[in-house]
Amino acid sequence: MTVPILPSGFGEHLLALGLLSPADLDKALGLCADADERLVPVLRKLSLVEPEALPRLLAEHYRLPLAADEQWSNISFDLSRLSRSFLRDNNVLPLGDDGDGVLLAMADPTDAGTIKAVRLALQRPVRPVVAAAEDIQSAIERLTRDAAEPQLWQDDAASQSSDENVEHLRDIALGTPVVRYVNQLFQDAVHARATDIHIEPFDGRLTVRMRIDGMLRDVAAPPAAMAKAIVSRVKILSGLNIAERRLPQDGRARIRLEQHRLDLRVATMPTIYGETVAIRLLDNVRRTLDFARLGFSKRDEEIVRGNLEAPYGLVLVTGPTGSGKTTTLATALSVLNQGHRKILTIEDPIEYEIAGVNQTQAMPEIGLTFAAALRSFLRHDPDVLMVGEMRDGETAAIGIHAALTGHLVLSTLHTNTAAGAIPRLLDMGIDAFLLASCLRCVIGQRLVRVLCIHCRQAEHAAEGTKQLWRAVGCERCSGTGYNDRIVIAEVLDVDEEIRKLIQPDSRPGDIHAAACRRGMTPMLADGLSKCMQGITTPEEVRRVALDV
């Protein structure tokens, strides 16, 4: 059977529907030519078309069927002749054989080369079926877990290793079973969109968990006897001392996994049952920096963008650890990143690498602190400065001075609300009149999980009340009912009325009330609005913003 001939002009089709502007199409086609890629993956990479709508648009244009929901839970095809890496790299998965050929779920049905390769490998005709890339990757990971090779750890020599023989432990850590497991663990984490991996030994067992959408999930773990070899493998990757098991250690590593360059931050800690390891995964490839995609409302986005256009001043992002502050700052930098501006940052760690921005990694052990870097930055004629966090009075004072002397300064603070940033800076020793002169806006935010659009269900709404939704759980969201995260935020625009309230005895409640009178949407109200839009649930909003 020959590869099916599909109609061309998908870009022009999107243009005719008004879903793509001529400028965006030119940009996408230019990248296709430069990188020798097809249009569909480029559209997905640039987020020029809503990911949820892309499969339907492809199916309509190319007159192909969409993968049905029931097909994902009844995959009965033998995948032994196709490697998992091939399926992942090409975003394809055979769903079954209906007698006329193999039904091949594809994120990009224009990929004739992949269709031909599958046909040759299976010696069967291939019939493309359009599916979302996320659904395909999720199904591949599920099938991989279900078909995990039990013989992987049946290495008696490894399981009977001497815990005290460091050289022997090093040999095991470099052996095929351990290397393969750790590599597969990183690969699974990338495809599951995990931000952290936790390897934790307990009495007679080893627990491995991944943090996905802010919540920890258990994954299949190897035998407890392999705990020290796995920890040693991670230590070797991150340049740590495998012989030292009594003290905490911190390290970094950079690995390449498929098309991803993955930066790892590794921390070890001794416990009564052995060393526990926490690995932070920083993936610089697949993130899209755009305020609208982060979840900011139109009003809040306009206020933030307006303040970013100012020639000088201070813009702050507040919230607890894990609330997306760094992503918001990186998005702001991508807006500011134009040829006529010089941008310098001091960060710990550098989570987003942005072309055209001078980014510096803080190294307190050699004296390169936030404060020391900021002092040096002022001698480099910058237009925009970004400091990862105002942790102390010295850093805050230098940042305020820079904001008062013609620089736009971006930073973060750990406060619960936007209004709470003002008394926090005053407590650090900043003079109220200086802060009032330079502060432009404060963004307070949290991250809530987004409802899975495939399984969410509408709640019964009483007459006169708004419709709400609830999480259910399905194969595509691993039974959680949620997939991805989005911002709920409050943006405090510092106008003249707010400036008058910045006094040595400022109270957050007074500032918050004044800001609401001036039009600020409180964080809880923004969360409730997203609940009514079917984006998240009241339970999620309460979970992350109960203290607001």
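Since we're looking at a predicted model, the values are computed, not measured. All values below were derived from every heavy atom in this structure, side-chain atoms included, with hydrogens, water molecules and symmetry-related copies excluded.
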Holding to salt bridge (Lys or Arg N to Asp or Glu O under 4.0 Å), I want the full list of residues that pass it with [X], two or more places apart in sequence or in another chain.
X: Glu275; value: Lys235
X: Arg449; value: Glu540
X: Glu496; value: Arg499
X: Asp510; value: Arg507

Any ion pair linking [Y] and [X] (charged N to carboxylate O, less than 4.0 Å)?
X: Arg193; Y: Asp213; answer: yes
X: Arg470; Y: Glu539; answer: no
X: Arg305; Y: Glu301; answer: yes
X: Arg254; Y: Glu353; answer: yes
X: Asp495; Y: Arg518; answer: yes

How close do [X] and [Y] get, counting heavy atoms only, and between which atoms?
X: Asp300; Y: Ala489; result: OD2-O, 3.9 Å
X: Glu490; Y: Met523; result: OE1-N, 3.0 Å
X: Ala403; Y: Leu314; result: CB-N, 4.0 Å
X: Ala373; Y: Leu368; result: CB-CD1, 4.1 Å
X: Arg440; Y: Gly313; result: NE-CA, 3.9 Å

- Task: Taking side-chain hydrogen bond (donor to acceptor under 3.5 Å, both in side chains) as the test, write out the residues that go with Arg299, two or more places apart.
- Result: none
Give a yes or no on whether [X] atom [atom1] has more than 12 heavy-atom contacts from other residues, nucleotides or ligands under 6.0 Å away.
X: Arg456; atom1: CZ; answer: yes
X: Asp427; atom1: CG; answer: yes
X: Lys27; atom1: NZ; answer: no

- Across all chains, not counting sequence neighbours, the ring pair (Phe, Tyr, Trp, His ring centres under 6.0 Å) partners of Phe291 are Phe296
- Query: Do Asp348 and Gln361 have side-chain atoms, one donor and one acceptor, less than 3.5 Å apart?
  - Reply: yes
- Between Gln184 and Asp188, do the side chains contain an N or O donor and an N or O acceptor separated by less than 3.5 Å? yes
- Message: Within the 4.5 Å heavy-atom criterion, are Glu351 and Pro349 side-chain neighbours or not?
- Response: yes
